2 protein chains.
Amino acid sequence: MDNSYRKYIEAQAKIFKALGHPARLLMVDALRSGEKCVCELQSLTGLDMSTVSKHLSLLREAGVVSSEKRGTSIYYRIALCCLDSFLACSSEMIKCRVLQECSMIQNCP
Amino acid sequence: MDNSYRKYIEAQAKIFKALGHPARLLMVDALRSGEKCVCELQSLTGLDMSTVSKHLSLLREAGVVSSEKRGTSIYYRIALCCLDSFLACSSEMIKCRVLQECSMIQNCP
DNA sequence: TTGTTATTTGGTAAATAAGCAAAATATATG
DNA sequence: CATATATTTTGCTTATTTACCAAATAACAA
């Protein structure tokens, strides 16, 4: 297998991995409505400040979010523009599966 | 926090988590060109058959792929339609970051 | 200087995931 | 029916991830 292809797959996997944790996805989902400082994300998740900081640096390294310091706080925002349409689309799939499990429909589109 | 929202976040995270592993993403990427049987995915990854099977059931449970038995083989295909445009978009971001690291450009869009 | 906000480091404990090997489960086909 | 083929399941070991705490560090505002 081509080496640059392997690197590409690993970079993509890194993005997915970063998003594949409830606390991190919760924070990212909150950022969809606009930038937030770390303290806001901490009270949202209820985690230790150092834990939140670690999660955020992981998201930043993967390219999912970016940060900017203004005044005494650091503000995070979504950097991966494609995320919004993906979440909208996959949430349709999730809704559909719930309805299927409840036997309210037979097939998902 | 709302309980149904928590379930939604967990289902979304499950999708990302499933995609956040190089071997699984490699298989999913191969499925973009059309369905494949497990044996083809095994020779692609070079992993043990039982390991491939586990990876595939994880992807299926998350709703990323679906499977169908035909003849003696089981064929897997992509079930999450939104994946294609997301991969196309995020690969642009990845390319851009590589160029940035090589100092060939200053800023990513 | 002192307080605030956030990051980093180091250490520990618990939970989860990865991988292989062997057993089990279909399901074709002779 | 017997046997070969394709895939899944189970059991096990090892590796990775996660959370938390505490302490050190950094940047900056008042």
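Every chain is numbered from 1 and lettered A, B, ... according to where its sequence line falls, protein lines coming before strand lines. Because the structure is predicted, anything quoted here is derived from the model rather than measured.
B/Q42 places a side-chain N or O within 3.5 Å of a backbone atom of B/L47 that can act as its donor or acceptor partner.
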Atom pairs, N/O to N/O, protein against nucleotides 19-22 of chain C, distance under 3.5 Å?
residue, atom, partner, partner atom, Å
C/dG19, OP2, B/H55, NE2, 2.9
C/dG19, O6, B/K54, NZ, 2.7
C/dC20, OP2, B/D48, N, 3.2
C/dC20, N4, B/K54, NZ, 3.1
C/dA21, N6, B/S50, OG, 3.1

With the criterion being N/O to N/O and under 3.5 Å, what pairs connect the protein with nucleotides 5-7 of chain D, and how long is each?
residue, atom, partner, partner atom, Å
D/dA6, O4', B/T72, O, 3.4
D/dA6, O4', B/T72, OG1, 3.4
D/dT7, OP1, B/V38, N, 3.3
D/dT7, OP1, B/I74, N, 3.1
D/dT7, OP1, B/I74, O, 3.4
D/dT7, OP2, B/C39, N, 3.0

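One atom, CG of B/L59, and another, C1' of C/dA18, lie 14 Å apart when rounded to the nearest Å. The NZ-P distance, from B/K69 to D/dT8, rounds to 8 Å in whole Å. If you measure from atom CG of B/L56 to atom C1' of C/dA17, you get 16 Å, rounded to the nearest angstrom.
Between B/R70 and C/dT27 there is no side-chain N or O to OP1 or OP2 distance below 4.0 Å.
Look at A/E10 and A/K7 and you find no salt bridge, because none of the NZ, NE, NH1 or NH2 atoms lies under 4.0 Å from a carboxylate O.
Counting only heavy atoms from C-beta on, B/L58 has its side chain closest to C/dA18 among C/dA17, C/dA18, D/dA27.
Residues meeting the disulfide bond (SG atoms under 2.5 Å apart) test with A/C81, sequence neighbours left out: none. Every residue two or more places apart in sequence or in another chain that forms a ring pair (Phe, Tyr, Trp, His ring centres under 6.0 Å) with B/F16 is listed here: A/F86.
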Could you give the side-chain donor-acceptor pairs of residues 53-66 of chain A under 3.5 Å, partners two or more places apart or in another chain?
residue, atom, partner, partner atom, Å
A/H55, ND1, A/R24, NH1, 3.0
A/S57, OG, A/K54, O, 3.0
A/R60, NH2, A/Y76, OH, 3.1

Can you give each donor-acceptor pair under 3.5 Å made by side-chain atoms of residues 29-36 of chain B, sequence neighbours left out, with the distance rounded to 0.1 Å?
residue, atom, partner, partner atom, Å
B/D29, OD1, B/R32, NH1, 3.0
B/D29, OD2, A/Y5, OH, 2.4
B/R32, NE, B/D84, OD1, 2.9
B/S33, OG, B/A30, O, 3.0
B/S33, OG, B/K36, NZ, 3.3
B/E35, OE1, B/R77, NH2, 3.1
B/E35, OE2, B/R70, NH1, 3.4
B/E35, OE2, B/R70, NH2, 2.6
B/K36, NZ, B/A30, O, 3.3
B/K36, NZ, B/G34, O, 3.3

